[in-house]
Amino acid sequence: MAHQHSSQARLSPSSDTEDISATALLLAPRLAYFAGVARTEHVTRAALEMNVPQSTLSRAMARLEQDLGVDLFARHGRTVSLTPAGRTFLASVERALAEVERAAEEVRADADPATGKVAFGFLHTMGAETVPGLLHAFRADHPRVRFSLVQNYGEAMLERLRAGELDLCLTSPVPDAPDLVARRLDEQKLRLVVPADHRLAGRRRIRLAEASDETFVTLEPGYGLRRITDDLCREAGFKPRTAFEGEEAETLRGLVAAGLGVALLPPPTVPRPGVVELTVTAPRAAREIGVAWLADRPDTPPVAAFKKFLLSRRGSLLP
């Protein structure tokens with residue numbers, strides 16, 4: 001295997017991201033060849049094992065040494081041996097190739113129709129009852145599909161969807177964005193939750209305008225339920241006075257029970273003592289629940305199966 005030094009500029013160390021990417025692109029195609037030659041210490045044998053022409057392998061090794069600017073092999077007729085630089089380089093190359101193989105096995109496993117993985121996001125209020133029930137029903141026909149579950153508020157989940165960290169998410173309001181596909185699945189009525197000793201606690205129904213003088217406890221800005229609360233109050237003719245902002249609906253229900261305000265909330269999983277939940281007659285108080293995914297992203301078989309399952313639950317998603 002002839003080895004020639006070149007007058008071309010060699011790769012130089014750099015912390016610049018573009019240079020690092022260029023280096024990887026330049027070297028990556030030759031790393032498996034290098035590892036094969038290093039393992040056999042014989043170019044002809046390595047070429048036979050990797051099913052590539054010997055001339056191709058020889059040129060690749062010569063170019064690799066040329067690009068690095070160091071000798072990786074000492075030549076001994078038909079055989080080669082690693083130089084100290086070659087041994088150092090081989091240790092890192094073997095780790096890199098093993099990591100590539102591990103990553104390939106992982107993505108193949110995640111896409112397996114029977115045992116693959118679905119990254120699924122959902123609202124906190126869906127976590128106690130709705131999502132466990134959905135997963136139980138789905139796994140009756142797909143018992144080995146795995147799930148990576150993420151609970152968060154709507155905007156945060158859509159960000160993770162766009163970042164490729166989620167395959168699907170249950171959210172509210174149902175998003176309307178050109179890069180997303182969203183389908184309405186169900187509707188959940190909201191109630192005005194008041195302390196058990198509140199002046200309105202003896203009522204069963206209420207117009208939201210009757211609570212215009214109340215102090216509200218709400219979710220933080222950015223949460224879908226906060227936006228819905230603000231919109232409904234605006235439709236009722238007032239801006240709510242907010243005393244406390246939280247991250248969980250059940251925490252808000254606890255704040256109401258403690259007499260710290262009133263709140264518009266979905267029904268609880270189990271009745272909460274210390275509060276009374278009133279039906280809101282006007283304006284119509286409800287939130288739509290939908291499933292969203294990134295447009296134009298191909299689904300793996302397990303994601304496609306779970307998406308089809310969710311869409312089949314339209315109108316019967318909630319317990």
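Atom set for the values below is all heavy atoms of this structure, side chains included, hydrogens, waters and symmetry mates excluded.
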Q: Kindly indicate whether the side chain of V262, heavy atoms from C-beta on, has any atom under 4.5 Å from the side chain of T215.
A: no
Q.
Can you give me the closest heavy-atom contact between Q54 and T44, atom names plus distance?
A. OE1-OG1, 2.8 Å
Q. Hey, are the side chains of V193 and V276 touching, using non-hydrogen atoms and a 4.5 Å cut-off?
A. no
Q.
Any non-hydrogen side-chain atom of E187 less than 4.5 Å from a side-chain atom of L318?
A. no
Q. T229 side chain to L225 main-chain N or O, any donor-acceptor pair under 3.5 Å?
A. yes
(Q) Between L158 and V174, is there shared hydrophobic-cluster membership here, with clusters defined by ILVMFWY side-chain heavy atoms closer than 4.5 Å? (A) no
Q) Out of curiosity, L264 CG to L208 CG, how far, rounded to the nearest 0.5 Å? A) 5.5 Å
**Q.** Between E214 and H198, a side-chain donor and acceptor under 3.5 Å
**A.** yes
Q | Carboxylate-amine/guanidinium contact R234 D230, below 4.0 Å | A | no
Q) For the residue pair P302 and P113, what are the closest heavy atoms and their distance? A) CD-CA, 4.2 Å
Q. Can you list the steps and then say if L311 with V291 is a side chain to side chain contact (heavy atoms under 4.5 Å, CB included)?
A. CA-CA 8 Å; L311 293 175; V291 59; 4.0 Å; yes
Q. Do NZ/NE/NH1/NH2 and the carboxylate oxygens of E210 and R205 come within less than 4.0 Å?
A. no
Q: Determine whether M157 and L123 make a side-chain contact, defined as any pair of heavy atoms from C-beta on separated by less than 4.5 Å.
A: yes
Q) Which value, rounded to the nearest 0.5 Å, describes the distance between R272 atom CZ and L252 atom CG? A) 10.5 Å
Q. Do the charged groups of E250 and R253 touch, with an N to O distance under 4.0 Å?
A. yes
Q: Decide if atom CZ of R108 counts as having more than 12 heavy atoms of other residues, nucleotides or ligands within a radius under 6.0 Å.
A: yes
Q) Regarding R184 and S172, is there a side-chain donor-to-acceptor distance under 3.5 Å anywhere? A) no
Q: Please check if any side-chain donor atom of R144 sits under 3.5 Å from a side-chain acceptor atom of T115, or the reverse.
A: no
Q | Distance-minimising heavy-atom pair for L161 and L168 | A | CD1-N, 3.9 Å
Q.
For R207, is the CZ atom crowded, meaning more than 12 foreign heavy atoms sit under 6.0 Å from it?
A. no
(Q) Set out, in order, the CA-CA distance, both residues' side-chain angles and the distance that settles salt bridge (charged side-chain N to carboxylate O under 4.0 Å, His left out) for E155 and R227, then state yes or no. (A) CA-CA 11 Å; E155 289 300 321; R227 183 169 14 136; 3.6 Å; yes
Q | Atom CZ of R139 with >12 non-hydrogen neighbours under 6.0 angstrom | A | yes
Q) Do F73 and F89 have their ring centres less than 6.0 Å from each other? A) no
(Q) Is any side-chain heavy atom of K239 closer than 4.5 Å to one of C233? (A) no
Q) Can you name the closest pair of heavy atoms from A201 and A196 and give their distance? A) CB-O, 3.3 Å
Q.
Show every ring-ring contact (aromatic ring centres under 6.0 Å, His included) that has at least one partner inside residues 143-189, sequence neighbours left out.
A. F138-F147, F147-F306, Y153-Y223
Q | Hydrophobic cluster identity match, V43 and L82, side-chain contacts under 4.5 Å | A | yes
Q. When you check the gap from the basic side-chain N to the acidic O, do R75 and E65 get nearer than 4.0 Å?
A. yes
Q) Do the side chain of S58 and the main chain of S55 share a donor and acceptor less than 3.5 angstrom apart? A) no
Q) When T125 is tested against each of R287, E248, Q151, Q188 for side-chain hydrogen bond (donor to acceptor under 3.5 Å, both in side chains), which residue passes? A) R287
Q) Are the charged groups of R30 and D67 less than 4.0 angstrom apart, N to O? A) yes
Q. Quick one: are S81 and H76 in side-chain contact, heavy atoms under 4.5 Å?
A. yes
Q: Answer yes or no: is there an ion pair linking D110 with R146, defined by an N-O contact shorter than 4.0 Å?
A: yes
Q.
Keeping T251 on the side-chain end and E247 on the backbone end, is there a donor-acceptor pair under 3.5 Å?
A. no
Q. Going only through I, L, V, M, F, W and Y residues with side-chain contacts under 4.5 Å, is there a path from L294 to V181?
A. yes
Q. After noting the C-alpha distance and the side-chain angles of R162 and D179, does the key distance pass the side chain to side chain contact (heavy atoms under 4.5 Å, CB included) rule?
A. CA-CA 8 Å; R162 290 183 170 104; D179 61 333; 2.6 Å; yes
Q. Does the T40 side chain pair with the main chain of H42, one donor and one acceptor, at a distance under 3.5 Å?
A. yes
Q) If Ile, Leu, Val, Met, Phe, Trp and Tyr residues are connected whenever their side-chain heavy atoms lie under 4.5 Å apart, and connections chain through other members, are V107 and V118 in the same group? A) no
Q: Kindly indicate, with the supporting measurements, whether the criterion salt bridge (charged side-chain N to carboxylate O under 4.0 Å, His left out) is fulfilled by R313 and D186.
A: CA-CA 8 Å; R313 308 285 288 204; D186 215 334; over 6 Å; no
Q. Cluster question for you: counting only ILVMFWY and a side-chain heavy-atom cut-off of under 4.5 Å, with indirect links fine, are F238 and L278 together?
A. yes
(Q) Please give me the minimum heavy-atom distance between G36 and A46, naming the atom from each residue. (A) O-CB, 3.8 Å
Q. Could you walk me through whether E245 and R226 pass the salt bridge (charged side-chain N to carboxylate O under 4.0 Å, His left out) check?
A. CA-CA 9 Å; E245 296 176 336; R226 170 62 178 271; 2.9 Å; yes
**Q.** Electrostatic pair R39:E49 at N-O distance under 4.0 angstrom
**A.** yes
Q. Can V280 and L190 be said to form a side chain to side chain contact (heavy atoms under 4.5 Å, CB included), step by step?
A. CA-CA 7 Å; V280 178; L190 302 178; over 6 Å; no
Q.
R160: which residues meet the salt bridge (charged side-chain N to carboxylate O under 4.0 Å, His left out) condition with it, sequence neighbours left out?
A. E165
Q: Heavy atoms only: give me the nearest C169-L166 pair and the separation to one decimal.
A: CB-CD1, 4.4 Å
(Q) Counting C-beta onward and ignoring hydrogens, is there a side-chain heavy-atom pair between L72 and M61 closer than 4.5 Å? (A) no
(Q) Do L149 and F122 have side chains that approach each other closer than 4.5 Å (heavy atoms only, starting at C-beta)? (A) yes
Q. So E99 and R102, salt bridge (charged side-chain N to carboxylate O under 4.0 Å, His left out) or not? Walk me through it.
A. CA-CA 5 Å; E99 181 64 19; R102 184 203 63 77; 2.7 Å; yes
